[in-house]
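These numbers come from the heavy atoms of this one structure, side chains and all, not from hydrogens, waters or symmetry mates.
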Amino acid sequence: MSEYKLEVTDIEKSFPGVKALDKIKFAVRPGTVHVLCGENGAGKSTLMKIINGVYSPDCGTIKIDDKEVTIKNPIQARELGISMIFQELNFVPELTVEETLFLGKWPKNKRGKIDWKLIREETEKLLKQEHLSYKSDQLVKELSVSDIQMLEILKAISNNSSIIIMDEPTSAISNKEVDKLFAKIDQLKANGACIIYISHKMDEIFKIADDITILRDGTVVDSRRKEDLTIEEVINLMVGRKFDSSQYPKEDVKIGDTKLLVKDFNSGKTFKNINFEVKAGEIVGFAGLMGAGRTEVMRAIFGLDEFDSGTIEISGKETQIKNVATSIKNKLVMLSEDRRRYGIIPVRSIKENTTLSSLKKIFYKGFLHSHEENNCVREMHKKMRVKAPTMDTAIEALSGGNQQKVVLAKWLLSDPEILILDEPTRGIDIGAKFEIYKLMTDLAREGRAQIMVSSELPELMGMCDRIYVMAEGKIMGQLQRNEFSQENIMRYATGISVQQ
């Protein structure tokens with residue numbers, strides 16, 4: 001009999017252009033909490049989705065109780081005793097609490113119909129057992145985010161699973177509910193269940209872990225008992241690669257006056273007390289792990305999302321940003337992290353996508369001035385080094401890097417003074433990345449202020465003058481260029497103060 005409840009051996013998984021997992025070996029003992037650590041993109045969630053049947057591995061084996069299994073889908077995973085609580089909550093708002101708990105596993109009565117009486121009784125029993133105040137017939141949409149998170153945890157527990165995967169389960173719940181969750185985890189361990197726990201919070205990890213495995217760039221770099229590791233060692237193993245500044249074309253340029261000042265910025269539980277500034281010619285980075293709140297802050301500044309309180313000053317003047325049009329009018333633009341969803345219209349031409357935010361330049365006196373449109377698009381594409389057959393080619397036919405350059409061209413055509421660049425090099429090749437970096441350097445030399453949000457620490461360190469680090473919706477610290485190190489950034493990002 002194996003000492004492990006779950007074993008994965010030589011698991012590999014590739015997506016177009018990316019090897020997400022490479023020869024992963026991972027084993028979980030029964031009655032333990034096995035914490036999985038790693039930076040954004042290390043492969044943690046991909047591995048868990050394979051174990052839960054969401055993805056199929058390209059190769060490798062999975063064993064449960066020393067027996068090899070093939071997990072084709074989440075339903076089969078559940079039958080094998082596996083439950084997963086996803087970081088992104090999965091729920092149907094219009095369902096009741098009881099319907100949500102029994103979704104996909106409806107008990108039947110003797111007549112073959114759904115036994116609603118039994119469902120109600122079991123739900124009320126579970127709610128009472130877990131000291132949860134909401135009612136069995138209450139709609140899920142009426143619950144708070146933390147209540148829904150607790151409901152997802154309850155759903156996994158109610159399956160009597162022997163392997164429970166928790167992906168950042170405390171990201172949206174209060175400290176009191178965290179204590180309740182940890183008590184439940186202790187109870188599950190005592191009953192022989194094993195918990196695979198993904199978290200970026202170091203205090204949390206060292207409080208509940210029995211074993212810790214660290215992933216980096218799709219590989220397992222170490223796996224040990226908790227008592228054999230320190231917080232410093234875990235952070236160093238998560239980062240683990242040397243920074244080479246020569247890869248980045250950032251130059252020292254003259255830094256001017258403050259272009260953007262954000263003061264006391266708040267939005268519910270999403271972000272709190274955000275204060276920062278960006279000066280002319282400066283590239284300011286925002287680092288943080290998944291769910292830190294960086295994108296949410298930027299969306300609110302740009303007018304895509306509402307915020308509760310705070311002020312935005314542009315060039316020393318308080319500005320009311322009510323929507324995206326207001327931002328563009330005030331020379332503030334944002335390149336979104338998801339260009340296909342928010343940045344481009346795939347079926348339209350490169351030319352149409354480029355002029356989308358500057359239509360007043362080519363539409364006036366009731367006419368489209370095609371000659372001016374062609375000239376300004378041609379000039380912008382030359383500056384951005386866009387590679388395409390013609391300007392009339394559909395943008396969806398371009399590579400990711402060239403699409404990104406077209407989106408940048410679109411915003412530069414509006415002559416912005418402040419640019420928010422959210423994951424500007426995500427999903428593009430090394431050559432295209434360097435060209436984006438070169439463009440950013442050119443923009444800095446022109447005196448434009450830039451915010452760079454990125455999950456890649458080396459590019460933040462290579463391109464930025466200062467870096468703010470966020471965790472759990474707050475700015476945890478600010479680093480000057482002479483203080484940059486991946487270890488310092490990760491300490492702030494995981495909630496640990498930096499020792500100077």
Side-chain angles (χ1 to χ4, degrees), residues 144-145 172 253-289 291-338 342-343 357 411-412 414-424 440 443-444 446-454 460 463-481 489 492-493 495:
S144 67
V145 173
V253 302
K254 183 182 177 183
I255 304 297
D257 296 331
T258 299
K259 281 287 181 183
L260 175 69
L261 179 64
V262 176
K263 294 193 292 188
D264 303 325
F265 216 44
N266 296 278
S267 178
K269 293 182 179 179
T270 309
F271 53 82
K272 299 176 186 119
N273 198 32
I274 301 297
N275 290 273
F276 70 91
E277 65 174 345
V278 191
K279 297 178 178 179
E282 194 176 33
I283 301 176
V284 172
F286 269 75
L289 296 167
R294 297 165 300 162
T295 293
E296 289 78 3
V297 169
M298 300 309 152
R299 284 176 59 89
I301 291 169
F302 186 50
L304 283 167
D305 297 334
E306 293 182 356
F307 58 93
D308 298 333
S309 61
T311 58
I312 299 170
E313 291 183 14
I314 295 176
S315 298
K317 183 181 177 183
E318 187 172 330
T319 309
Q320 300 295 324
I321 302 289
K322 296 178 180 178
N323 49 42
V324 171
T326 315
S327 294
I328 296 170
K329 187 178 177 182
N330 283 281
K331 303 291 185 178
L332 167 65
V333 301
M334 177 175 173
L335 184 144
S336 169
E337 65 174 335
D338 188 343
Y342 299 113
S357 62
W411 289 127
L412 290 180
S414 67
D415 194 27
E417 294 179 5
I418 305 159
L419 295 95
I420 300 171
L421 307 174
D422 194 352
E423 302 286 1
M440 290 175 66
L443 293 171
E446 291 169 8
R448 302 179 202 260
Q450 298 171 75
I451 298 171
M452 184 183 198
V453 178
S454 176
L460 283 176
M463 291 304 299
C464 297
D465 298 290
R466 290 181 294 119
I467 297 174
Y468 292 95
V469 189
M470 288 187 67
E472 299 180 55
K474 300 173 185 173
I475 291 177
M476 305 302 289
Q478 178 190 170
L479 296 169
Q480 302 296 329
R481 197 162 181 80
I489 294 170
Y492 274 137

I would like to know whether T326 and Q320 meet side chain to side chain contact (heavy atoms under 4.5 Å, CB included); could you show each step before the answer? CA-CA 8 Å; T326 315; Q320 300 295 324; 5.9 Å; no
Run the side chain to side chain contact (heavy atoms under 4.5 Å, CB included) check on M452 and L460 step by step: do they pass? CA-CA 7 Å; M452 184 183 198; L460 283 176; 4.2 Å; yes
For side chain to side chain contact (heavy atoms under 4.5 Å, CB included), just list the numbers for I321 and F302, CA-CA rounded to whole Å, side-chain angles, deciding distance to a tenth of an Å, and then say yes or no. CA-CA 7 Å; I321 302 289; F302 186 50; over 6 Å; no
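Of the N and O atoms on the side chains of E296 and T270, not one donor lies less than 3.5 Å from an acceptor on the other residue. Between the side chains of N275 and N273, at least one donor N or O sits under 3.5 Å from an acceptor N or O.
Minimum interatomic distance between A280 and G447 (heavy atoms only, all atoms of both residues): CB-O, 3.3 Å. Heavy-atom minimum distance, A493 versus A471: O-CB, 3.5 Å.
Rounded to the nearest 0.5 angstrom, T319 OG1 and K329 NZ are separated by 11.0 Å. Expressed to the nearest 0.5 Å, how far CE of M470 lies from NZ of K272 amounts to 10.5 Å. In this structure, K317 NZ and I312 CD1 are separated by 14.5 Å, a value rounded to the nearest 0.5 Å. The line from OH of Y468 to CD of E277 is 5.5 Å long, rounded to the nearest 0.5 Å. To the nearest 0.5 angstrom, N266 atom CG is 10.5 Å from K474 atom NZ. We find the CD1-CD distance between I467 and Q480 to be 10.0 Å, quoted to the nearest 0.5 Å.
No donor-acceptor distance shorter than 3.5 angstrom exists from the side chain of D465 to the backbone of V284, with no hydrogens or angles considered. With E417 contributing its side chain and K259 its backbone, the two residues share no donor-acceptor pair below 3.5 Å.
At least one side-chain heavy atom of L421 sits less than 4.5 Å from a side-chain heavy atom of Q450. Residues K263 and E318 are not in side-chain contact: their nearest non-hydrogen atoms beyond the backbone lie 4.5 Å or more apart. Looking only at side-chain heavy atoms (C-beta outward), T258 and E313 stay at 4.5 Å or farther from each other. Residues V333 and S414 have side chains in contact (heavy-atom distance under 4.5 Å, counting atoms from C-beta outward). For the pair I475/I274, a side-chain contact is recorded, criterion being any heavy-atom separation below 4.5 Å from C-beta on. Considering only heavy atoms from C-beta on, I418 stays 4.5 Å or farther from N330 through its side chain. With contacts defined as side-chain heavy-atom distances shorter than 4.5 Å, the pair D264/T311 does not qualify. The shortest distance between side-chain heavy atoms of I283 and L443 does not fall below 4.5 Å.
Here E472 pairs with nothing under the side chain to side chain donor-acceptor pair (under 3.5 Å) rule; sequence neighbours left out. Take K254 and apply the side-chain contact (heavy atoms from CB on, under 4.5 Å) test, not counting sequence neighbours, and it matches no residue. Here S454 pairs with E459 under the side chain to side chain donor-acceptor pair (under 3.5 Å) rule; sequence neighbours left out. Scanning for side chain to side chain donor-acceptor pair (under 3.5 Å) contacts around E282 gives R466, with sequence neighbours left out. Legend: residues meeting side chain to side chain donor-acceptor pair (under 3.5 Å) with T295, ordered by chain and number and at least two apart, are D422. The side-chain contact (heavy atoms from CB on, under 4.5 Å) test applied to M298 returns F276, F286, I301, M334, I420, I451, V453, not counting sequence neighbours.
Taking the six-membered ring where tryptophan is involved, the planes of F307 and F265 are tilted, since the angle between them lies from 30° to 60°.
E306 CD: 12 or fewer foreign heavy atoms inside a 6.0 Å radius. In the displayed structure, N323 atom CG is contacted under 6.0 Å by more than 12 heavy atoms of other residues, nucleotides or ligands.
Between D308 and K269 there is no salt bridge, since no side-chain nitrogen of the basic residue lies less than 4.0 Å from a carboxylate oxygen of the acidic one.
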